[in-house]
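Presented below is the structure to which this report refers.
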Amino acid sequence: MNRQVLELARELAERGEPFAFATVVWRRSPSSGKEGSTAVIRADGTVRGWLGGACAEPTVVREARTAIAEGTPRLLFLGTPEELEGQERQGVVRVPIACQSEGALEVYVEPVLPKPHLVVIGRSPAVDTLAGLAGALGWEAVVVDDGGAEDAHPSADRIVTTLDLKEAGAGPRSFVVVATQGHYDEDALERALAEPHAYVALIASKKRAESVLGYLRDRGVSEESLASVHAPAGLDLGAVSHEEIAVAILAEIVKERAAGEIASGMREDHAHHEGHLLGDPAADARHEEIDPVCGMTVDVATARHLTPHQGRTYYFCSAGCRTTFEQDPARFLSAIENP
């Protein structure tokens, strides 16, 4: 086990940056990957550690980025196309590689993601109940209590005593619940709508919610933003007590997350590390090409083996594939044009 890789994994986890931990669990010689070899793969595709050679690594990176995006682990079997035909196993992702070594690998890829991030604004009884229940779910709960005391909400992971959602870490994947209940509803909800969040809710009666939304409409808040507010907050469970209301709100978030209607919440300083998962153009600019010889995915930015042919540049996973192509380009271009 590579201690440097483990140390990096610990640092990223503490910082809240999403990554995937990949481990070689089986190999067949000849293969440069060894059983027990580990690597940390970040959301931008950078790798620390060793999993295998030029054939294996790009494929594992691609699957790791998918695992981070989907939040689900996977077991990869990397082998020749002929070998994969007889290796169908439930739950195993089969990945064809065509390296000259003819080795094979199984790699377990596990995403490590930050906790979902809940921001609750206010000082009402529902605030502490929401924070406590969020903690039971394994989420991070931050209470924004404008003018409150720093030790007033023991259930919260953190308390912000000014109406500052950026200080609370609220971002595009945060869940924001306004539970001021009449004290500064309008100001709190206006702040919540000033920036995009995955989920915004207002704890209020239907009549009170209509009044607050009408006030913000008059202040120029867009109809699109107002329509995004869950008000009254939570699923309609016939809830009356603040405990039941808190359950209804968290149930609504869980339901919408499971349906893919809202993003999996995370703190803003966590989320910016995630790059392409938030639609960041710089992260999405990662350009990949297919090796015309073996069919492997090649990252253009880091490719070492490339050759121009008839006005186009072709990229290869290894020098062997490049040499094979250069000896008979027409053969491989014909296969591309007529699969």
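Computed from a predicted structure; not experimentally measured.
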Legend entry - Trace of the side chain to side chain contact (heavy atoms under 4.5 Å, CB included) decision for Leu216 with Leu226: CA-CA 8 Å; Leu216 295 182; Leu226 295 175; 3.9 Å; yes
Within 6.0 Å of [atom1] in [X], more than 12 heavy atoms from elsewhere:
X	atom1	value
His183	NE2	no
Glu7	CD	yes
Arg219	CZ	no
Arg217	CZ	yes

Inset, instruction - Could you walk me through whether Val160 and Val143 pass side chain to side chain contact (heavy atoms under 4.5 Å, CB included), step by step? - result: CA-CA 6 Å; Val160 176; Val143 170; over 6 Å; no
Side chains of [X] and [Y] in contact at under 4.5 Å (non-hydrogen atoms):
X	Y	value
Arg74	Glu63	yes
Phe21	Val40	yes
Val177	Ile121	no
Tyr314	Leu333	yes
Leu76	Val109	yes
Leu213	Val229	yes
Leu130	Ile203	yes
Lys255	Leu235	yes

Please answer whether the main-chain N or O of [Y] pairs with a side-chain N or O of [X] as donor and acceptor at a distance below 3.5 Å.
X	Y	answer
His197	Ala192	yes
Arg173	Ala198	no
Ser334	Ala330	no
Arg191	Leu163	yes
Asp145	Arg123	no
Asp157	Ala141	yes

On a heavy-atom basis, which atom in [X] and which in [Y] lie closest, and how many Å separate them?
X	Y	value
Ile68	Ile41	CD1-O, 3.8 Å
Pro18	Leu113	CB-CD2, 3.7 Å
Ser124	Ala179	OG-O, 2.8 Å
Phe332	Asp328	CD1-O, 3.4 Å
Phe19	Arg42	CB-CA, 4.3 Å
Trp50	Ser37	O-CB, 3.2 Å

Is it true that [Y] and [X] share a donor-acceptor pair across their side chains at a distance under 3.5 Å?
X	Y	value
Glu243	Thr129	no
Glu252	Tyr199	yes
Asp185	Thr180	yes
Asp164	Thr162	no
Glu256	His230	yes

For the [atom1] atom of [X] and the [atom2] atom of [Y], what is their distance to the nearest 0.5 Å?
X	Y	atom1	atom2	answer
Glu57	Arg62	CD	CZ	12.5 Å
Ile245	Leu250	CD1	CG	12.0 Å
Leu6	Thr38	CG	OG1	6.0 Å
Leu51	Thr23	CG	OG1	8.0 Å
Phe316	Glu289	CZ	CD	10.5 Å
Glu288	Tyr315	CD	OH	12.5 Å

Can [Y] be reached from [X] by stepping across I, L, V, M, F, W or Y side chains whose heavy atoms are under 4.5 Å apart?
X	Y	result
Leu137	Ile262	yes
Val61	Val298	no
Val221	Val176	yes
Val178	Ile159	no
Leu202	Val142	yes

Legend entry - Chi angles and distances behind the side chain to side chain contact (heavy atoms under 4.5 Å, CB included) call for Val144, Val120: CA-CA 6 Å; Val144 176; Val120 191; over 6 Å; no
Between [X] and [Y], does at least one N-O distance fall below 4.0 Å, as a salt bridge requires?
X	Y	result
Lys207	Glu210	no
Arg15	Glu11	no
Arg28	Glu35	no

Legend entry - Chi angles and distances behind the side chain to side chain contact (heavy atoms under 4.5 Å, CB included) call for Val93, Leu75: CA-CA 6 Å; Val93 179; Leu75 178 62; over 6 Å; no
Legend entry - Chi angles and distances behind the side-chain hydrogen bond (donor to acceptor under 3.5 Å, both in side chains) call for Ser225, Ser222: CA-CA 5 Å; Ser225 294; Ser222 71; 3.0 Å; yes
Legend entry - Aromatic ring pairing Phe325/His309, orientation class (parallel under 30°, perpendicular over 60°, tilted between):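 Phe325 and His309: perpendicular rings.
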